[in-house]
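Worksheet: one structure, shown below.
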Amino acid sequence: MGTSSCHLLILIPLLQLIIPGSTQCSLDSIMDKKIKDVLNRLEYSPSPVSKKLSCTSVKSQGRLASCPAGMTVTGCACGYGCGSWDVQGETTCHCQCSVMDWTTARCCYLA
């Protein structure tokens, strides 16, 4: 590396110290104001009816656990540390391990 390269490497940090940081801050504040102005002009009409997610767990003996009517499976758990399962027909958990003592289905609906 030549002496001119070394001088350049020393000069760059010194130039950064000389340039005032307020220009970036003022640019940030201008952009923040613009964004807030645009967001304030947007129309916001919340839904008159707010919905809530309601969930329950259903535990069954064996390899299948089914959700009550109107609910959908959102997750499954299987006994004996079995991590292999699938959802059948959106309402039933099916544990795929050969020997299974219990199966749990997490069931939810929008209320």
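In this text the structure is predicted, and so the values were computed from the model without any measurement.
Counting all heavy atoms, side chain and backbone alike, Met71 lies closest to Ser54 at CE-O, 3.8 Å. The shortest non-hydrogen separation linking Gly62 to Thr103 is O-OG1, 2.7 Å. Counting all heavy atoms, side chain and backbone alike, Trp102 lies closest to Ala77 at CZ3-O, 3.6 Å. Between Pro68 and Val58 the shortest heavy-atom distance is CD-CG2, 3.9 Å. Looking at every heavy atom in both residues, Thr91 comes nearest to Val87 through N-CG1, 4.3 Å. Nearest heavy atoms, Gly70 versus Tyr109: O-CB, 3.6 Å.
For the two cysteine residues Cys55 and Cys108, the thiol sulfurs sit under 2.5 Å apart. Remark: SG of Cys93 is not found under 2.5 Å from SG of Cys78. Cys pair Cys107 and Cys67 passes the test of SG atoms under 2.5 Å apart.
Leu64 is listed as a side-chain neighbour of Gln88, based on a closest heavy-atom distance under 4.5 Å.
His94 contributes atom NE2, which lies 11.5 Å from atom OG of Ser66 (distance to the nearest 0.5 angstrom). One finds the OG atom of Ser98 at 7.5 Å from the CZ atom of Arg63 (value rounded to the nearest 0.5 Å).
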Step by step, would you call Leu53 with Leu110 a side chain to side chain contact (heavy atoms under 4.5 Å, CB included)?
CA-CA 5 Å; Leu53 186 65; Leu110 289 175; 4.0 Å; yes

